[in-house]
Amino acid sequence: MKVFLALIGALSWSALATAEEPFQDRAGDLYEITLQVHTEQQAGLSSGSSNSNFSGIEKVIAIRPEGVELEFDLPEETSPEVRARSWEYPMRVLKAPGKPLELLNETELVDRVDRWLELGGLSRSTCGQWIFTWTAIKIECDPKAALASLAGYDLRITDLSEGAIYNEPGTLGPVPLRLTSSGPAGETLVAELELDPALVRLQQAEREIAIAQMTGLPQPTIEDAMRSWAKAEISGTIRTTIDVDTRGIVIRRTQVSNLQIVDDARGQQHLSSTAILERKPVLR
């Protein structure tokens with residue numbers, strides 16, 4: 001299930017941005033970001049579901065000629081214990097129109113991850129490995145990976161209009177946005193994309209390697225794991241609904257993903273996920 005969540009995260013975050021920001025940022029602006037994810041999985045006669053939540057704060061630090069400097073952090077009320085488990089935050093980034101986020105405080109993140117490893121009694125050799133506590137956890141130590149995960153909370157999507165080209169990584173290609181409603185409160189646009197079977201096979205192969213790491217079984221190579229998934233029939237879609245207010249600011253993105261896997265050795269699997277990401281101004 002965790003691997004499927006990682007797949008949904010990889011597929012869900014990057015609109016194809018080509019235009020300028022549709023609104024004017026001001027230094028000091030604060031936004032609350034919340035993400036709710038519900039997943040369901042069915043394999044043969046067995047089934048299961050899970051829920052996860054995330055809350056964070058986006059702050060406009062400065063307006064630069066090349067873009068907006070932002071800081072993403074955990075909420076102010078986050079306990080020291082929880083903050084100690086999240087070496088990634090705060091992250092400072094540059095958001096330039098049409099470009100991916102650029103990490104500005106990488107040195108700070110490297111220092112924090114070293115302290116995090118030391119507190120956990122872990123060494124650098126465990127980085128990239130999977131362990132199992134109450135759930136499956138990957139020991140991630142790379143600031144660039146943290147930046148990639150942060151992109152999942154970025155709702156500064158540009159060029160939102162009927163017919164505008166929209167794309168997401170892990171799909172088979174971009175599609176035009178469809179305007180489904182318009183009124184005094186704003187607009188709603190929808191994109192429906194097909195999942196890339198090659199990425200799903202890679203995710204499933206990595207899942208097998210992760211399970212072997214956690215259980216102490218012999219680990220297959222990525223090549224062997226990929227070969228074991230070569231004949232699986234894989235299909236799926238992701239439907240993204242984007243709600244925009246009257247100023248052109250994205251306030252909510254809802255993504256519904258469905259994945260179907262049919263394999264002679266493993267039977268049939270169906271996985272679905274609904275992820276609701278919201279961004280609200282914090283009044284001070």
Side-chain angles (χ1 to χ4, degrees), residues 4-5 7-26 29-40 49 51-58 60 68 70 72 95 97-101 150-196 235-260 270-283:
F4 179 60
L5 282 174
L7 169 62
I8 295 301
L11 299 180
S12 299
W13 308 127
S14 297
L16 187 61
T18 57
E20 295 297 321
E21 296 291 342
F23 56 93
Q24 183 64 50
D25 285 297
R26 297 174 302 173
D29 284 353
L30 287 176
Y31 297 90
E32 179 187 24
I33 297 172
T34 58
L35 174 65
Q36 301 176 60
V37 180
H38 174 74
T39 63
E40 295 184 357
S49 64
N51 295 283
S52 65
N53 299 278
F54 172 84
S55 181
I57 297 295
E58 173 191 322
V60 178
V68 184
L70 304 168
F72 289 85
K95 173 67 174 181
K99 296 182 179 180
L101 298 175
L150 180 63
Y153 307 113
D154 180 21
L155 280 181
R156 293 167 174 270
I157 307 172
T158 58
D159 197 14
L160 289 173
S161 60
E162 173 82 30
I165 297 301
Y166 183 90
N167 196 19
E168 292 176 358
T171 62
L172 291 178
V175 298
L177 286 168
R178 291 189 295 108
L179 181 65
T180 58
S181 68
S182 180
E187 297 180 338
T188 299
L189 299 108
V190 172
E192 298 187 38
L193 304 102
E194 293 186 42
L195 299 181
D196 183 355
S235 61
T237 60
I238 180 167
R239 177 186 171 94
T240 300
T241 301
I242 302 171
D243 295 310
V244 185
D245 69 11
T246 54
R247 300 166 296 168
I249 299 176
V250 178
I251 58 174
R252 184 182 304 104
R253 182 184 62 206
T254 303
Q255 294 182 306
V256 179
S257 302
N258 284 284
L259 174 63
Q260 190 78 28
H270 179 255
L271 306 100
S272 63
S273 173
T274 299
I276 303 173
L277 181 66
E278 295 186 277
R279 180 174 181 263
K280 300 176 181 179
V282 177
L283 302 179

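For the single chain, residues carry numbers from 1 onward in sequence order. All values below come from the heavy atoms of this structure, side chains included, with hydrogens, waters and symmetry mates left out.
Here T274 contributes atom OG1 and N258 contributes atom CG; the two are 8.0 Å apart, rounded to the nearest 0.5 Å. Atom OG of S257 is separated from atom CD of E168 by 8.0 Å, given to the nearest 0.5 angstrom. How far OG1 of T39 is from CG of L271: 8.5 Å, rounded to the nearest 0.5 Å. Separating the CG atom in D243 from the CG atom in L189 is a distance of 9.0 Å, to the nearest 0.5 Å. Considering OG1 of T180 and CD of E187, their distance stands at 9.5 Å, rounded to 0.5 Å. Atom CG of residue L277 and atom CG of residue D154 lie 9.0 Å apart, to the nearest 0.5 angstrom.
A donor-acceptor contact under 3.5 angstrom links the side chains of H38 and E40, judged on distance only. When only modelled atom types and interatomic distance are considered, Q255 and T240 share a side-chain donor-acceptor pair under 3.5 Å. Of the N and O atoms on the side chains of S181 and T188, at least one donor lies less than 3.5 Å from an acceptor on the other residue.
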Worked check of side-chain contact (heavy atoms from CB on, under 4.5 Å) between V250 and R279: CA-CA 8 Å; V250 178; R279 180 174 181 263; over 6 Å; no
Step-by-step side-chain contact (heavy atoms from CB on, under 4.5 Å) determination, L155 to E58: CA-CA 11 Å; L155 280 181; E58 173 191 322; over 6 Å; no
Residues E192, R178; criterion side-chain contact (heavy atoms from CB on, under 4.5 Å); working and verdict: CA-CA 9 Å; E192 298 187 38; R178 291 189 295 108; 3.0 Å; yes
Residues L195, I238; criterion side-chain contact (heavy atoms from CB on, under 4.5 Å); working and verdict: CA-CA 7 Å; L195 299 181; I238 180 167; 4.0 Å; yes
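The two atoms that bring N53 and Q36 nearest to each other are OD1-CG, 3.4 Å, heavy atoms only. Across A164 and D159, no two heavy atoms sit closer than the pair CB-O, 3.2 Å. Counting all heavy atoms, side chain and backbone alike, T246 lies closest to P184 at CG2-O, 3.0 Å. Between G163 and P176, the closest heavy-atom pair is O-CB, 3.8 Å.
In this structure, R156 pairs ionically with D25, as a charged nitrogen and a carboxylate oxygen lie closer than 4.0 Å.
Heavy-atom contacts from other residues, nucleotides or ligands closer than 6.0 Å to CD of E194 number 12 or fewer.
Side-chain contact between S273 and V37 is present, with at least one heavy-atom pair separated by less than 4.5 Å.
Checking F54, Y31, F72 one by one against Y153, the ring-ring contact (aromatic ring centres under 6.0 Å, His included) holds for a single residue, F54.
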